[in-house]
Amino acid sequence: MEYSAKTYSFFDDVFAVVRLIPKGRVTSYGAIARYLGTSGSARMVGWAMNASHTPKPKVPAHRVVNSQGLLTGKHHFETPTWMQELLEKEKVKVKNNQVVDFEKLFWDPSVEL
DNA sequence: GCATTGACGAAGG
DNA sequence: CCCTTCGCCAATG
């Protein structure tokens, strides 16, 4: 990844936002996309997360779920259950692949930030 | 350079 | 209420 002017992509932006997610809170790909102005292209956010393990301070991607609060990206972690375990470590309850009280734990960057 | 894919989301049937 | 389709944009084959 070159740092040449325009290559600084939204990757860094996405990472920055995700890292700002308070512990014990979660957000959605769409919310992040909206905050970055790339609303509508939530896929890019999700796609960016594909490299969430690239930078040194790895991004807490486990705090990012889809709009339904589902742990859709769990398969991209070291183990299929790792994401849930990480969340539970932060007192976030996960039931049947879904964040419990998702609406209450939801953290919207365009609102909170 | 075209076709396919993707950790999404909203809308339509 | 469940399933399908479409849009979005970038990367990869």
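Order of the sequence lines sets the chain letters (A, B, ...), proteins ahead of strands, with each chain counted from 1.
- Rounding to whole angstrom units, CG of residue A/L36 and C1' of C/dC9 are separated by 14 Å.
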Nucleic acid footprint by protein, nucleotides 6-13 of chain B - heavy-atom cut-off 4.0 Å, B for base, S for sugar-phosphate alone: BBBS----

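- Remark: A/D101 pairs with no residue by the salt bridge (charged side-chain N to carboxylate O under 4.0 Å, His left out) rule, at least two apart or across chains.
- A ring pair (Phe, Tyr, Trp, His ring centres under 6.0 Å) check over residues 79-113 of chain A, counting only residues at least two apart or in different chains, returns the pairs A/F102-A/F106.
- A salt bridge is absent between A/R25 and A/E90; no separation between the charged side-chain nitrogens and carboxylate oxygens falls under 4.0 Å.
- Among residue pairs with one or both ends in residues 49-80 of chain A, none qualify as ring pair (Phe, Tyr, Trp, His ring centres under 6.0 Å); sequence neighbours excluded.
- Contacts classified as ring pair (Phe, Tyr, Trp, His ring centres under 6.0 Å) and involving residues 25-47 of chain A (residues at least two apart or in different chains) are given here: A/F11-A/W47.
- Straight-line distance between the P atoms of B/dG1 and C/dC8: roughly 23 Å, to the nearest whole Å.
- Shown here are the salt bridge (charged side-chain N to carboxylate O under 4.0 Å, His left out) partners of A/R43, two or more places apart in sequence or in another chain: there are none.
- Here the separation of C/dT5 from B/dT4, taken at their P atoms, is 16 Å to the nearest Å.
- A distance of about 23 Å separates the C1' atoms of C/dC2 and B/dA7, rounded to the whole Å.
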